[in-house]
Amino acid sequence: MKKNIILYLSLLLGHFSFCQKYNFVNWTVEDGLIQSQASYICQDNYRQLWIGTEGGICRFDGKKFIGYTVQDGLAANQINALFCDKLGNLWIGTNSGISYYNGSKFTTVSSINKSANNVSEIVQLSNGDLYAIGNYNLLYIKKFQSKKVFITGDSTEKITDIYQGSSNNLLVSVHKKGIYALDKSTWRQISKYDEIKKNIYVRAIFITASNDTLIGTNKGLYYLINNKIEIYKSKFKILDEINVLCITEDSKENIWLGTENGCYRLNNDEVIHFDEKSGFTDNSVNHIYKDIENNLWFATNADGIYKFRENTFTYYDKSCGLPSAIVMGVVQRNDKTIFAAGYGGGLYKINSDNNIETVSFLGKKILEDSKINCLYSDDEDNILIGTLNNGAYRFNEKTGLQKMEAINNSSISIRGATIFLKDLQGNILIGTNQGLFLRDKNTNITSIKNTGHLITSIKQFDETHLIVGTSSGIFLLDKNYKATPFHEKYFGDASVLCLSKNNNSLWVGTTDKGVFNLNYKTNRVITYTSADGLPSNFIYSIDVSEDNKVWVGTGFGISNLQLSNEGKVLAVKNYGRSDGLFGMECNHNCLLKAVDSSLWFGTTKGLFHFNPNTKIAEKNQPFVLLRSVKLFSSLISDSSLFEKAGSWFNAPQGLKLFSKQNHLTFELGSIYFTNPEDVLYKYKLEGIDKVSTISNNPYIIYPALPPGKYTLIVTGLTKGGAVSSNEINYSFEIKKAFYQTRFFQLVIILLLLATGALLAYVFTRGKQKRKQKAKEVLEKIREEEFMKLRQRTAEDFHDEMGNSLTRISVLTDVLKSKINGKEQEITHLVSQIRENTKALYSGSKDIIWSLNSKNDGLYEIVEHIKDIGTELFQETNVDFIYTHSIESTTDLKLKLDYSRNLTMIFKEAYSNILKHSNANEVSIQIYLNSMNELVIIIYDNGHGFNMNSVIQGNGLKNMKNRAMRMNGNMTHTSILNKGTELQFILKSIFI
């Protein structure tokens, strides 16, 4: 009998259990779940999900699990029930009683009569009263104490399930007795079990949106009608046999049943069984929960938790009979049959039962051992098949498989195909990695010139032209199949993967540049890349709808672009794992828009199906959280800094910080189970930020906030344009330091004024003293300088007078010796005496000239020295040659007393030459070297002297001393009978 029932169930399930897989997303211990035997799920006021397991509870935000066990304060690790009350507190039913969690600590509920063990259900009425089931007893919970409540008056009564009805109505299933309701404070029996139904065990009571009361039992599904419990009416008898563990209803009013073998969905007369074959589990489903975003969550035994979303992808993989997970082609024949193929397994189709069926002809599978690269369905129900390296074929279910070969030209060999198109002339275009080929109506195959590239896409451009995408740009073919480059400016170097055409726009998908939208009437180009929200710039396929919706298959998921009439991106929806798209990488040109407007995508993980006409615009809104506020990257634990500690999150309220406590980090979070990765944060710190910032980074850092009052305002955004249902407004204050208060500042101002007055007095007194002292020092310096000047003047007069008087003495002696001579010679000697006297007078004038500051200019000095030499040597037999490179416009001036010393050096040199050298030529050269040093060279061609034997006289010593006074040095060289040279180098002599 058992075998017959199993056979009957198997045959029956074949009518409503489809092989295609649905959008179930699974989380287990590998993803962070504390334990994989999940028992219950609920959602708190912050929209966080709580999962009860046999190893504790978990908090889940869509990205991360946080676990809690007895070490954190739980009464026990084995969790049977969870409930979030109106105040947001969590009640946990365990095998050892009830725990209460307020976000910061766990509290165990005490039991008056020790009946609160093995708690299996917790509910709260609208008036706030809490009830639970513990050890099959009904418990009333108040002030963290539980009290046993009797319904029937029978102390042995066994409560199997409770359910909150409308208002304060509480429905209770009493085993073998019936269904009771609490109306105000009175219990009344609304349904009594008959003798047959006394054997059923009620596990779940549920009231639907249409006000039907469903009852899940170990003997199938029942419902309450006219105060009687009846078997649920359905043509599927399996509902009479399954062990129903839980019941819920989705947003479309479909009924979901959790059983010991997966779950069932009821929609009118349609029943779908979800198990491992459909992407779910074969294990028990202990609880089904619908969250605020209308996602369904399933707590399963040993397989963790699952999430299910409507209006997303269903798919086929190898477990559904798909020969290969890599699907490279999908097409639809005129009779609406979907065909697909990939790398291995040949050609297959989706049959009327939505199952995979291998395509055969005369008992032989079509290209079973070939790697199929692409498919194309023409208007004659032929399926064109391109392989990787095994040629191109045409298949018709009536005529079979035919290889497309160039019978007319043996030199042409089509080794494989990447794309097909039947044009308006009825000819077949075959794209390959060798270029483009044409197969005409007579099956002749020719190669199209100038297309020797990898052909990736072919579309009918207009009535007389085809558009061809290649690895090296785009080509336009005319009716004679002559190829010309198309818009080389934009696509000349583009590696094109796919093309799509809509009205006057050509859409181009590339390998690395995203999507191009070319309006070939206006030549306007718009690009869409990852910067605009696409998950990847590698574009495998494109489909363009009439209402500015663009579907894009990329290297990392599928995108839907919503565009304005001007082509501006209004919203981007990226589909990934949370939407049931487990095959993230799409395949080349493997996108089909079916006649029912649904979309089929071939990926590396299977064949995915989606109906874009179903409302996919997310009405769900994210919920943003302020998870923590940190001071200098550490949590704030000093209670003196805030008024109230955060309970659920580490964000203290009434935060008041000191001036130096100004480095704050805000950690944000979001709850958006629809697509957790899709949330962006828009934030602004009022008091310092002028504009809002949008970022996907949940951490906001303000490193050096000045004192003031601030409010952090945060909202959440999705890439699809949805705005969070809440807004964070977190206020805090950074207090001024004592030295920043007005009183302190006033005191400081007064102190500064007093200090300023004192400093002014001290400064004035000091200035007067320093001025007096400086005056005394200056007087002393002047006196010393004056004394030095007198001494030097005396030396100069001594030298000048000595030389001239010596000359007079000599001439006088000569006069005496000549006195007895001729009168003419006496007259001549007297004239010479007169000339020396004039020279003495002239020397005095030179000394006076050098003391005049107007004569300190370099040009004036060198000219004066020239005049002295010219005057001195003009009455002699000595040729006087004088050169210098000093410009008359120079503004260089010598330091004090340098002009006199320089004049005296030259006069001493001129005098020595006349007296001792017996020279007939004197050469003077003066110039400035590269270091702005004055170089003087005095040369005579006299008889010279032996430098080793001749003792230096006072003349050379005086000249050397004068050079040293001017921060310079003098060198001299003399060669006997060849002359003498003096060289002076004077450094830093200018003012």
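Keep in mind the model is a prediction, meaning the values are calculated, not measured. For reference, positions follow the sequence shown, starting with 1.
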Positive for side-chain contact (heavy atoms from CB on, under 4.5 Å) with Leu90, one of Ile57, Asp44, Asp85, Asn102: Ile57

Working for side-chain contact (heavy atoms from CB on, under 4.5 Å), residues Asn355 and Ile350: CA-CA 5 Å; Asn355 291 325; Ile350 311 296; over 6 Å; no

More than 12 heavy atoms from other groups under 6.0 Å of NZ on Lys219: no

Flag if over 12 foreign heavy atoms under 6.0 Å of CG, Asn697: yes

Flag if over 12 foreign heavy atoms under 6.0 Å of NZ, Lys105: no

side-chain contact (heavy atoms from CB on, under 4.5 Å) evaluation trace for Tyr40 with Ile51: CA-CA 6 Å; Tyr40 215 95; Ile51 303 104; over 6 Å; no

Criterion side-chain contact (heavy atoms from CB on, under 4.5 Å) on Phe673 and Leu49, from CA distance to verdict: CA-CA 10 Å; Phe673 293 118; Leu49 216 61; 3.9 Å; yes

Verdict with reasoning, Cys58 to Ile34, per side-chain contact (heavy atoms from CB on, under 4.5 Å): CA-CA 6 Å; Cys58 265; Ile34 196 169; 3.4 Å; yes

Nearest-0.5 Å distance, CG of residue Asn286 to CD of residue Glu54: 8.5 Å

Other residues, nucleotides, ligands: >12 heavy atoms within 6.0 Å of Glu727 CD: yes

Check: Phe106 ring centre within less than 6.0 Å of Tyr100 ring centre: no

For Trp648 against Asn89, the heavy-atom pair lying closest together: CZ2-CA, 4.2 Å

Carboxylate-amine/guanidinium proximity below 4.0 Å for Asp61 and Arg627: yes

Separation of Phe308 CZ from Leu296 CG (nearest 0.5 Å): 7.0 Å

Sub-6.0 Å ring centroid separation between Phe274 and Trp256: yes

NZ/Lys158: more than 12 non-hydrogen atoms of other groups inside 6.0 Å: yes

Under 3.5 Å donor-acceptor, Ser99 side chain and Ala75 backbone: yes

